[in-house]
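Data block below; observations after.
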There are 2 protein chains.
Amino acid sequence: MKTGKDPTLHQRILRDIEGRIVSGEWAPGHRIPFEIDLAAQYGVSRMTVNKVLTQLAKAGLVERRKRSGSFVRQPQIQSAVLEIHDIRKEVEQLGQPYRFAVERRQVRKATGADMRRLDVTRDDRVLELLTIHRAGATPFCVEARLINLAVVPAAAEADFSAMSPGQWLIEQVPWTSAEHVVQAVSADAATAGLLDVERGCACLVIERRTWSPTGPVTHARFTYPGDRHTLVARFTPSS
Amino acid sequence: MKTGKDPTLHQRILRDIEGRIVSGEWAPGHRIPFEIDLAAQYGVSRMTVNKVLTQLAKAGLVERRKRSGSFVRQPQIQSAVLEIHDIRKEVEQLGQPYRFAVERRQVRKATGADMRRLDVTRDDRVLELLTIHRAGATPFCVEARLINLAVVPAAAEADFSAMSPGQWLIEQVPWTSAEHVVQAVSADAATAGLLDVERGCACLVIERRTWSPTGPVTHARFTYPGDRHTLVARFTPSS
DNA sequence: CAGTGGTCTAGACCACAGC
DNA sequence: CTGTGGTCTAGACCACTGA
């Protein structure tokens, strides 16, 4: 991330458009003005706008369609680090029926631990959720999530019976930056019970914190049985 | 990775230059011809080569210096997935003295298991290495590595007392593509002994396979005590 | 089939690092 | 200072595709 000054034309226009998308001013599906129009608006040549849009497309913020224009894409919370992390898709690609169940749901004031997890400073209200994702009957992953109600107040009343909290959030909060932490831990008694594994079993834990322009959105901790899940990534020199 | 046809000018020039770097024809430190010269050689405008070099710079293959030119960079085997994975650096950033020791070293014909690990088809000769990396006195990571001697014959006689096998390989093999697999496993007896942890302790295992244009180079399996190591990655929408 | 993005050009100016 | 990369322009042609 480069926050430094020295905004070239690219960068100014890029930040501007990125801002409109990220803030939700241009919602997913919104058609971005045509290159020619943008060029006129910003008073630059089309190639400059093209560079910006191409970059935004590479970053996954916009989708470009010939003949019809460029559109804001649905947010895709996933870095190259975790190319696969749509749990529903993961499960379905295994040929298993995907199910989830919210086991616990609680609204409360943020504790000190919550504040560390969520990167909040004041003691806002938070929503705590515990969700189990299953592939067929077998537990696939446990999701412990904290949602910052100061940023996403609607979460307090949301219905998570048809849509998982993660999915719901993606549709609610426009765009976010994220941080991932991956580690291996031994399952404690509670987790082992939920995942139906031996206590002490090695589990892969992926923690994700996300921020919207408004502030910290959510902290999610996914725990996978180590022997049932791997993270794969490939890369080539010039990508 | 896009291997499809339809080579635009960009892509053809990009692949060409990438090929020279990756094959070692242009070794690390080599000064790439100036943009104007490249433009003349390829019979294109300077902006086109600029685009290519900019892209190669973003990919980390070349470093651009104003006034002096563009240079081939030392290979940096790391995807965005594993932004940090120079063990020496990791340890030193902890403020600990870094040490390593090759515990086992053996040249042999590839077994069936080796062939799966290394992606070789014939039963070439391979070099098997077991290395322990330490932060001060405490074990930091166990590295089990297989090197394909058909691609890197010099490895058979290499001296791994001053330079770790991983470091040595980076300096030998020009550029590679790589695949990373991350998972959590319980330490078996042998690993537990080497890492000085309880048997069954959750460990983070990172496997990396790399290929050079010549063929599969190496397979390395790094095992970290789960409570002493995490993988972190951040990302923002437009990067 | 008209308009969009995709690409490329020839030329220009600038900042800046090394000579 | 001079030459390099960094950037930008005004204009052009093309392929594709959706109306």
Side-chain angles (χ1 to χ4, degrees), chain A residues 1-18 20-21 26 28-74 238-239, chain B residues 1-18 20-21 26 28-74 238-239:
Chain A
M1 172 168 36
K2 183 177 297 181
T3 320
K5 271 296 180 59
D6 205 307
T8 67
L9 268 182
H10 289 131
Q11 293 167 355
R12 287 200 308 101
I13 300 175
L14 181 82
R15 296 307 166 197
D16 188 33
I17 297 181
E18 178 192 0
R20 298 189 190 209
I21 297 175
W26 287 353
H30 179 270
R31 197 182 71 205
I32 294 172
F34 302 127
E35 293 188 351
I36 300 187
D37 300 331
L38 282 177
Q41 287 177 30
Y42 287 105
V44 300
S45 99
R46 187 168 81 92
M47 239 213 149
T48 305
V49 208
N50 181 295
K51 212 177 204 173
V52 169
L53 290 183
T54 301
Q55 196 166 331
L56 285 171
K58 256 191 282 187
L61 276 179
V62 310
E63 177 186 355
R64 316 202 68 184
R65 291 182 221 143
K66 293 188 180 182
R67 171 58 191 171
S68 53
S70 303
F71 298 82
V72 177
R73 294 223 308 184
Q74 286 288 340
S238 61
S239 85
Chain B
M1 176 167 34
K2 184 177 295 180
T3 320
K5 269 296 181 58
D6 203 310
T8 66
L9 269 182
H10 288 132
Q11 292 167 355
R12 288 200 307 100
I13 300 175
L14 182 82
R15 296 307 165 197
D16 188 34
I17 297 181
E18 178 191 0
R20 298 188 190 211
I21 296 175
W26 287 353
H30 178 269
R31 197 182 69 205
I32 295 172
F34 302 126
E35 293 188 351
I36 300 188
D37 300 332
L38 281 176
Q41 287 178 30
Y42 287 106
V44 300
S45 96
R46 186 167 82 92
M47 238 214 148
T48 306
V49 280
N50 181 293
K51 214 176 203 172
V52 169
L53 289 184
T54 300
Q55 198 165 331
L56 285 172
K58 256 191 280 189
L61 276 179
V62 309
E63 177 186 354
R64 316 202 71 185
R65 291 182 221 145
K66 292 190 181 181
R67 170 60 191 173
S68 53
S70 302
F71 299 82
V72 177
R73 294 222 312 184
Q74 286 287 341
S238 61
S239 86

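Letters A, B, ... mirror the listed sequences (proteins, then strands); counts begin at 1. Side chains are part of it too, since the values below use all heavy atoms of this structure and drop only hydrogens, waters and symmetry mates. This is a predicted model, so every value here is computed, not measured.
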Mind running side-chain contact (heavy atoms from CB on, under 4.5 Å) on A/Y42 and A/I17 for me, showing each step along the way? CA-CA 11 Å; A/Y42 287 105; A/I17 297 181; 3.8 Å; yes
Go through the steps to decide whether A/I13 and A/Q41 satisfy the test side-chain contact (heavy atoms from CB on, under 4.5 Å), and finish with yes or no. CA-CA 11 Å; A/I13 300 175; A/Q41 287 177 30; over 6 Å; no
Working note: A/R12 + A/D16, criterion salt bridge (Lys or Arg N to Asp or Glu O under 4.0 Å); need CA distance, chi angles, decisive distance, verdict. CA-CA 6 Å; A/R12 287 200 308 101; A/D16 188 33; over 6 Å; no
Before you tell me yes or no, could you show the steps for A/V52 and A/L38 under side-chain contact (heavy atoms from CB on, under 4.5 Å), namely the whole-Å CA-CA distance, both residues' side-chain angles and the distance that decides it to 0.1 Å? CA-CA 10 Å; A/V52 169; A/L38 282 177; over 6 Å; no
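D/dT7 atom P lies 12 Å from atom CG of A/L14, rounded to whole Å. Taking atom CD of A/E63 as the reference point, atom P of C/dT4 lies 17 Å away to the nearest angstrom. In this structure, NZ of B/K51 is placed 18 Å from P of D/dG5, rounded to the nearest angstrom. Atom-to-atom, NZ of A/K58 to C1' of C/dT7 comes out at 14 Å; the value is rounded to the nearest Å. Taking atom CG of residue A/L53 and atom P of nucleotide C/dT4, one finds them 13 Å apart after rounding to whole Å. If you take CG of A/L9 and C1' of C/dC14, they are 13 Å apart, rounded to a whole angstrom. Here the C1' atom of nucleotide D/dT4 and the CZ atom of B/F71 are 11 Å apart, to the nearest Å. For the pair A/K66 NZ and C/dG5 C1', the computed distance is 7 Å after rounding to whole Å.
For D/dT2, the base has a donor-acceptor partner in the side chain of B/R67 [N/O atoms by modelled type, under 3.5 angstrom].
Across residues 34-48 of chain A, A/G43, A/V44, A/S45, A/R46, A/M47, A/T48 each have a non-hydrogen atom less than 4.0 Å from an atom of DNA chain D (numbered order).
Taking the ring pair (Phe, Tyr, Trp, His ring centres under 6.0 Å) definition, one finds that A/H10 meets it with nothing, sequence neighbours left out.
Here the side chain of B/N50 is nearest to one of D/dT7, D/dG18, C/dT9, namely D/dT7. For A/R64, the side-chain atoms get nearest to C/dG5 when compared with the rest of C/dG5, D/dG6, D/dG3.
Contacts classified as salt bridge (charged side-chain N to carboxylate O under 4.0 Å, His left out) and involving residues 42-57 of chain B (residues at least two apart or in different chains) are given here: B/E35-B/R46.
Mapping A/S68 and A/H10 onto DNA chain D by nearest heavy atom places A/H10 at the nucleotide closer to the 5' end.
Taking the side chain as every heavy atom from C-beta outward, A/L61 and A/Q55 never approach each other to under 4.5 Å.
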